[in-house]
**Student:** 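Could you have a look at this structure, given as structure tokens, before my questions?
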Amino acid sequence: MDKVDDKEPSLLRNDQISPCADNDACSEMKRKAILAMSGQEFHALLEKIQSAHSAICANNIQDSYLLPDACDKWFNAKLDRRLPFQEKHAIQQASILGNLETLGIIWSPDSISKTSIHSEYINGIGHGKEIEQLKSHLKVVEFGAGRGYLTHMLSDCYGIKDIVLVERRSYKFKADRTLRQTEAINLERLRIDIEDLKLEAVESLKGFYYAAVGKHLCGPATDLALRCCLSEQNHNKYVSEDTSRGGNHPYIKGLAIATCCHHLCQWKSYVNKHFFIKLGFTREEFCAVTWLTSWALDGEHCSDHPNGVKVGTNLNVW
């Protein structure tokens, strides 16, 4: 498990520092970072992006779109539909859970005889336990939970009983109202910013394994969730030899996050600064690169650049 890069890279030069990268950059600041470039500088940035994408992403990132059988009950209306059902969101939720099942992080009700359990997990709570017993010790933390519908599907389809929802906003029509009607479910909703959350201080998680999930963790919220789960302070606890239950710290079993709104990402909270700099980018370019991600969702942006750079013919990796 790689630790979160929480320190400034030593190869950072003073001339790479800008107000845009130092602070939480608003959209206007990021846009200005692009407008301040000459046509030549802008073309150089596009080439750098294409080169980095070709070197890293071309053969190493695979699509994994799954609709697990365990979620059929949601799509076949076998459940009492007490929640608003939108197929698009349900498909996204099911794919997140399907990938967790494929990795052996969660188990479907009919997988007792065919699921392989990671040895370190078995050793952590007692060798030879049945999967139902193993599931009773796995908790789920949903970051940016919103109304909690992802966890509701997880509980309905995979029998997860211990749930912690993390959300800073207040919502109506939450899934909590139906989840709390099931006596066996232990539900805890924490109204807190992810940046301020310390999982080791959550009493219900102490000494237990947990899976972290999130659907549409907007912009820097993904980085903050990763820091929360995999901070350097906790890293040594997770990989230490003493990972048996009964300790005072939660232990992460796996993580699945669907990101969104990359144009809102911030250098301050970004978890892998060293990696970004090693690719040849600067801190100031981080603002430009993240802002460019929004262009994938809109029309032509040639007029956005004062030098009339024809972006559409030069950048096609997004």
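This chain uses plain numbering: 1 for the first residue, then up along the sequence.
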**Student:** What closest approach, in Å, do Arg180 and Leu187 show between heavy atoms, and which atom pair accounts for it?
**Tutor:**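 Reported closest heavy-atom pair: NH1-O, 3.4 Å.
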**Student:** Is the backbone of Arg168 close enough, under 3.5 Å, to the side chain of Arg191 for a donor and an acceptor to pair up by distance?
**Tutor:** yes
**Student:** What residues, two or more places apart in sequence or in another chain, satisfy side chain to side chain donor-acceptor pair (under 3.5 Å) together with Gln92?
**Tutor:** Lys215
**Student:** Kindly say whether Ile91 contributes a backbone atom to a donor-acceptor pair with the side chain of Ser95 at under 3.5 angstrom?
**Tutor:** no
**Student:** Can you tell me if Ser294 uses its side chain to pair, donor with acceptor, with the backbone of Trp291 under 3.5 Å?
**Tutor:** yes
**Student:** Which value, rounded to the nearest 0.5 Å, describes the distance between Glu188 atom CD and Ile163 atom CD1?
**Tutor:**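 Answer rounded to 0.5 Å: 11.5 Å.
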**Student:** Can you find a heavy atom in the side chain of Leu138 that is under 4.5 Å from one in the side chain of Tyr158?
**Tutor:**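 Side-chain contact under 4.5 Å: no.
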**Student:** Should Leu66 and Val213 be counted in the same cluster of Ile, Leu, Val, Met, Phe, Trp and Tyr side chains packed under 4.5 Å apart?
**Tutor:**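 As far as the 4.5 Å side-chain criterion goes, Val213 and Leu66 are not connected within one cluster.
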**Student:** For Ile257 and Ala225, work out which heavy atoms get closest and say how close.
**Tutor:** CD1-CB, 4.2 Å
**Student:** Out of curiosity, Ile49 CD1 to Glu47 CD, how far, rounded to the nearest 0.5 Å?
**Tutor:**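 These two atoms lie 10.5 Å from each other.
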**Student:** Examine distances only and state if a side-chain atom of Arg169 and a backbone atom of Gly144 form a donor-acceptor pair shorter than 3.5 Å.
**Tutor:**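 No, because the side chain of Arg169 does not come within donor-acceptor range (under 3.5 Å) of the backbone of Gly144.
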**Student:** Under a 4.5 Å cut-off applied to non-hydrogen side-chain atoms, are Tyr270 and Pro220 in contact?
**Tutor:** no
**Student:** Quick check: closest heavy atoms across Thr290 and Thr293, and the distance to 0.1 Å?
**Tutor:** O-OG1, 2.5 Å
**Student:** Check whether any side-chain heavy atom of Asp63 lies under 4.5 Å from a side-chain heavy atom of Tyr65, and answer yes or no.
**Tutor:**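 They are not in side-chain contact.
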**Student:** Quick one: CG on Leu67 to CG on Leu97, what's the gap to the nearest 0.5 Å?
**Tutor:** 10.5 Å
**Student:** Quick check: does any side chain N or O of Lys30 sit under 3.5 Å from a backbone N or O of His263, one acting as donor and the other as acceptor?
**Tutor:**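 Side chain of Lys30 to backbone of His263: a pair is present.
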**Student:** Does Ala256 offer a backbone N or O that forms a donor-acceptor pair with the side chain of Asn99 under 3.5 Å?
**Tutor:**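 Not a single qualifying donor-acceptor pair exists.
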**Student:** Where do Lys206 and Glu203 land on the side-chain contact (heavy atoms from CB on, under 4.5 Å) test, with the steps shown first?
**Tutor:** CA-CA 5 Å; Lys206 289 184 176 180; Glu203 287 291 332; 2.9 Å; yes
**Student:** At what distance, to the nearest 0.5 angstrom, does NE2 of His216 lie from OG1 of Thr222?
**Tutor:** 10.5 Å
**Student:** Donor-acceptor pair, Arg147 side chain versus Tyr171 backbone, under 3.5 Å?
**Tutor:**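 Not confirmed, Arg147 side chain does not pair with Tyr171 backbone.
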**Student:** Does Gly146 offer a backbone N or O that forms a donor-acceptor pair with the side chain of Glu167 under 3.5 Å?
**Tutor:**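 Flag set: sc Glu167 to bb Gly146 pair under 3.5 Å.
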**Student:** Is the ring pair Phe276/Phe286 parallel, tilted or perpendicular, if the boundaries are 30 and 60 degrees?
**Tutor:** perpendicular
**Student:** Taking all non-hydrogen atoms of both residues into account, name the closest pair between Cys157 and Trp74 and its distance.
**Tutor:**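 For Cys157 versus Trp74, the nearest heavy atoms are SG-CD1, 3.4 Å.
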**Student:** side-chain contact (heavy atoms from CB on, under 4.5 Å), that's the test. Do Met153 and Cys71 meet it? Break it down for me.
**Tutor:** CA-CA 8 Å; Met153 178 182 282; Cys71 295; 3.9 Å; yes
**Student:** Just wondering, do Leu224 and Leu197 contact through their side chains at under 4.5 Å, heavy atoms?
**Tutor:** no
**Student:** Should Lys48 and Glu285 count as an ion pair when the cut-off is N to O under 4.0 Å?
**Tutor:**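 Yes, this pair counts.
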**Student:** Before giving the answer on side-chain contact (heavy atoms from CB on, under 4.5 Å), spell out for Asn186 and Ser204 the whole-Å C-alpha distance, their side-chain angles and the decisive distance to 0.1 Å.
**Tutor:** CA-CA 9 Å; Asn186 299 311; Ser204 60; over 6 Å; no
**Student:** Is Ser155 reaching over with its side chain to a backbone N or O of His152, donor-acceptor style, under 3.5 angstrom?
**Tutor:** no
**Student:** Shortest non-hydrogen contact from Phe143 to Ala212?
**Tutor:**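 What the structure gives for the nearest pair is CE1-CB, 3.8 Å.
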**Student:** With heavy-atom distances below 4.5 Å as the criterion, would you say the side chains of Tyr149 and Gln93 are in contact?
**Tutor:**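 A side-chain contact exists here, since the closest heavy-atom pair is under 4.5 Å.
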**Student:** Less than 4.5 Å apart, any side-chain heavy atom of Tyr210 and any of Ile252?
**Tutor:** yes
**Student:** Of all heavy-atom pairs between Pro68 and Glu101, which one has the smallest distance, and what is that distance?
**Tutor:** CB-OE1, 3.6 Å
**Student:** Tell me, please, which residues at least two apart from Glu28 pass salt bridge (charged side-chain N to carboxylate O under 4.0 Å, His left out).
**Tutor:**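 Once residues adjacent in sequence are excluded, Glu28 has no partner under the salt bridge (charged side-chain N to carboxylate O under 4.0 Å, His left out) criterion.
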**Student:** Would you say that Leu45 contacts Leu292 through its side chain, given a criterion of any heavy-atom pair below 4.5 Å between the two side chains?
**Tutor:**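 SC-SC contact between Leu45 and Leu292 confirmed.
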**Student:** What's the spacing between Trp107 CH2 and Ile160 CD1 if we round to 0.5 Å?
**Tutor:**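 Nearest 0.5 Å value for the CH2-CD1 distance: 7.5 Å.
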**Student:** Are Asp162 and Leu205 side-chain neighbours, meaning at least one heavy-atom pair lies under 4.5 Å?
**Tutor:**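 No, their side chains stay 4.5 Å or more apart.
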**Student:** Can a donor-acceptor pair be found, under 3.5 Å and without considering hydrogens, that links the side chain of Lys174 to the backbone of Gly148?
**Tutor:**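 No: the side chain of Lys174 does not pair with the backbone of Gly148.
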**Student:** How long is the gap from CG on Leu217 to CD on Glu142, to the nearest 0.5 Å?
**Tutor:** 8.5 Å
**Student:** Does one hydrophobic cluster hold both Ile34 and Leu264, with members joined at side-chain heavy-atom distances below 4.5 Å?
**Tutor:**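 No, Ile34 and Leu264 fall in different hydrophobic clusters.
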